[in-house]
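We name chains A, B, ... by the order of the sequence lines, and we start the count at 1 in each one.
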2 protein chains.
Amino acid sequence: MHQHNCVSLVPLFSQLSEQEQDTVNSIVHQHHYQTGETIFAAGDSMDALMIIASGQAKVFQLASNGKEQLLHLLTAGDFDGETALFSQAKHNSFAEALMPTMICQINRTEFQQLMQKYPTISLNLLNELGRRMTELEKRTTQTSTSSVESRLADYLVETSAQFGKNDFKLPLKKKDLATYLGTTPETISRKLGELERNGLIEQTGSKQICIVDQEALEML
Amino acid sequence: MHQHNCVSLVPLFSQLSEQEQDTVNSIVHQHHYQTGETIFAAGDSMDALMIIASGQAKVFQLASNGKEQLLHLLTAGDFDGETALFSQAKHNSFAEALMPTMICQINRTEFQQLMQKYPTISLNLLNELGRRMTELEKRTTQTSTSSVESRLADYLVETSAQFGKNDFKLPLKKKDLATYLGTTPETISRKLGELERNGLIEQTGSKQICIVDQEALEML
DNA sequence: CGTTCTTTTGATGTTTCTCAAGGCAGGTGG
DNA sequence: CCACCTGCCTTGAGAAACATCAAAAGAACG
């Protein structure tokens, strides 16, 4: 019945045997979201761990002045909602599907039982939280210590590394990329133009980027 | 021998019985640091959980351009180093004592054994990491969506709430406060002056702040 | 193939940083 | 107990980076 096997996608459960994974899989609830659909909103009570089975979603906050801040980009195998599995009961951020997206959920109580049964899960969870913490710390530091140009350069290098190619398609609309990097779409557009004029990158299609001089990008 | 009982200070261990806490206490190593002394540096291998028994320390990163970013302010009962108890082996940040400070350490392997023995510890750890994640997300959002003035106002309100008084002493040098809020000492100085001229606060001594109009501060 | 959302480009404005210099405070040694 | 010294804070003037606003061009989608 669970045609998209979320569980096997997630490192969280990777140490479990196939049988055990099947058990986990059987308590999973599936949901499908269309592009632009809200997965959860700030203020919603948070009672389940969410795993992206397929597709893509953005997690963001809204400041009181209405500005958006992109916190995480979730793709297949990523999960969210874990922080609230223990402490607070409310989401403090929003999640929205960026394309048709399949999500698997595990209820709080059931997840807690899983953690009791398989302690390795909580270790994996601690690891993943640590990883995110580290990443967010880095981003915070960058946002307040370096220029948009260097943040953008860093983002391009890292993204190309993730794809394993010099030539890749931005996984985000520039509008969203802007809020991710703590700037505006206009500035992104201008800085990309500047990088191209300086021969560090090439913009082939819309969103299609090719890194020409990685060395120089990393220098920023 | 362990005159400063760190263990009882830390919520991490609060669910343990007194006997169990004694056990934990017996594997703790103490260190003392003087004002300005480095507790750990980026690149150091991270092999212990650190608990502040008394005093205060700042955790910060250094950007490639030499700028400092204050990530956390640790006071008695806070701990750090947990992210590395599982995954990476190197610190990515620095910690420095801001006053004479007593630190208790628990080695990685011993801490892992503790977690095996008392699963409640890992739950507490997950909670605390979640709390920090939430706080850092908020700060990231604020840094890139609102002005220095409103970040500062928010900081003042929150700090006064922590002290439970309208009248309090800043726990940080303005220099450090500046890097915490992602700005410069000069700007902090000017904005505080502005808030005072507008009748929202009063600056009595150096670092001594009195909140006059909390409502208005929260509006920013 | 038109409608809508995104992106680009230009002109302008503002916030905040930078640099420089003077004042203040707190700690140290005489 | 005072005078000094060092680092911290303030204040000003100028510059830079970036945001904002407006409008046109370009994608994406049904």
Side-chain angles (χ1 to χ4, degrees), chain A residues 34-37 56 58 63 65-70 96-100 142-153 169-198 201-209 220, chain B residues 34-37 58 63 65-70 96-100 141-153 155 169-197 201-209 220:
Chain A
Q34 297 180 321
T35 306
E37 206 174 340
Q56 207 179 34
K58 65 174 176 178
N65 55 27
K67 281 191 195 168
E68 190 175 316
Q69 167 71 35
L70 185 46
E96 181 187 319
L98 294 178
M99 55 177 71
Q142 273 194 152
T143 314
S144 48
T145 59
S146 50
S147 67
V148 171
E149 187 176 37
S150 72
R151 278 177 268 158
L152 178 57
K169 188 174 173 187
L170 290 173
L172 285 170
K173 286 184 274 200
K174 297 211 176 115
K175 189 182 106 180
D176 288 329
L177 180 55
T179 82
Y180 184 74
L181 295 178
T183 182
T184 62
E186 292 96 328
T187 301
I188 292 283
S189 185
R190 285 188 245 269
K191 295 297 180 187
L192 279 176
E194 203 173 308
L195 291 178
E196 182 164 38
R197 252 176 286 118
N198 296 342
I201 65 168
E202 268 175 42
Q203 306 185 62
T204 66
S206 106
K207 293 191 186 162
Q208 196 70 25
I209 303 274
L220 304 175
Chain B
Q34 297 180 320
T35 306
E37 206 173 337
K58 66 174 177 178
N65 55 25
K67 280 190 194 168
E68 191 175 317
Q69 167 71 35
L70 186 45
E96 181 187 319
L98 295 177
M99 54 176 72
T141 299
Q142 272 194 154
T143 316
S144 48
T145 59
S146 50
S147 67
V148 171
E149 188 175 37
S150 72
R151 277 177 269 159
L152 178 58
Y155 174 84
K169 190 175 170 186
L170 290 173
L172 286 171
K173 286 183 274 196
K174 296 211 176 117
K175 191 182 104 180
D176 287 329
L177 179 55
T179 81
Y180 184 73
L181 296 178
T183 181
T184 61
E186 292 96 328
T187 301
I188 292 282
S189 185
R190 286 189 247 270
K191 295 298 179 187
L192 280 177
E194 203 174 307
L195 291 178
E196 182 165 39
R197 252 177 285 115
I201 65 168
E202 268 175 43
Q203 307 186 60
T204 66
S206 106
K207 292 191 188 165
Q208 196 71 24
I209 302 273
L220 304 175

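The structure places CD of A/E196 at 4.5 Å from CD of A/Q203, a figure rounded to the nearest 0.5 Å.
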Requested in this report: Take A/E68 and A/K58 through the test salt bridge (Lys or Arg N to Asp or Glu O under 4.0 Å) and record every step on the way to the result.
Outcome: CA-CA 11 Å; A/E68 190 175 316; A/K58 65 174 176 178; 2.9 Å; yes

Requested in this report: For B/D176 and B/L98, run side chain to side chain contact (heavy atoms under 4.5 Å, CB included): C-alpha distance rounded to whole Å, both residues' side-chain angles, the deciding distance at 0.1 Å, then the answer.
Outcome: CA-CA 10 Å; B/D176 287 329; B/L98 295 177; 4.1 Å; yes

Query raised in the report: Would A/K173 and A/K207 count as a side chain to side chain contact (heavy atoms under 4.5 Å, CB included) if you check the C-alpha gap in whole Å, the side-chain angles of each, and the deciding distance to 0.1 Å?
Result: CA-CA 8 Å; A/K173 286 184 274 200; A/K207 293 191 186 162; 3.7 Å; yes

Query raised in the report: Under the side chain to side chain contact (heavy atoms under 4.5 Å, CB included) criterion, do B/L172 and B/L70 qualify, and how do the steps go?
Result: CA-CA 11 Å; B/L172 286 171; B/L70 186 45; 3.9 Å; yes

Query - B/L192 vs B/I209, side chain to side chain contact (heavy atoms under 4.5 Å, CB included): CA-CA, chis, key distance, verdict - result: CA-CA 10 Å; B/L192 280 177; B/I209 302 273; 4.2 Å; yes

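Within residues 170-178 of chain B, no residue approaches DNA chain C, by heavy-atom distance under 4.0 Å.
Between the side chains of B/T145 and A/Q69, no donor-acceptor pair of N or O atoms lies under 3.5 Å.
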Query - Heavy-atom protein contacts under 4.0 Å, nucleotides 17-30 of chain D, coded B base, S sugar-phosphate only, - none - result: -SSBB---------

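Atom CD of A/Q208 and atom P of C/dT7 are 14 Å apart (whole Å). Taking atom CD of B/Q203 as the reference point, atom C1' of D/dT11 lies 13 Å away to the nearest angstrom. Computed from coordinates, the B/L220 CG to C/dT15 C1' distance equals 15 Å when rounded to whole Å. The interatomic distance linking B/Q34 (CD) with C/dG27 (C1') rounds to 15 Å, in whole Å. Spacing between atom CD1 of B/I188 and atom C1' of D/dT11 amounts to 16 Å, rounded to whole angstrom units. Atoms CG (A/N65) and P (C/dT14) sit 18 Å apart, rounded to a whole Å. One can place CG of A/L98 at 16 Å from P of C/dC5, the figure rounded to the nearest angstrom. The nearest whole Å value for the distance from the CE atom in B/M99 to the P atom in C/dG26 is 15 Å.
The heavy-atom pair separating A/A97 from A/Q34 by the smallest distance is CB-O, 3.5 Å. Smallest separation of non-hydrogen atoms from A/S144 and B/G182: CB-CA, 3.6 Å.
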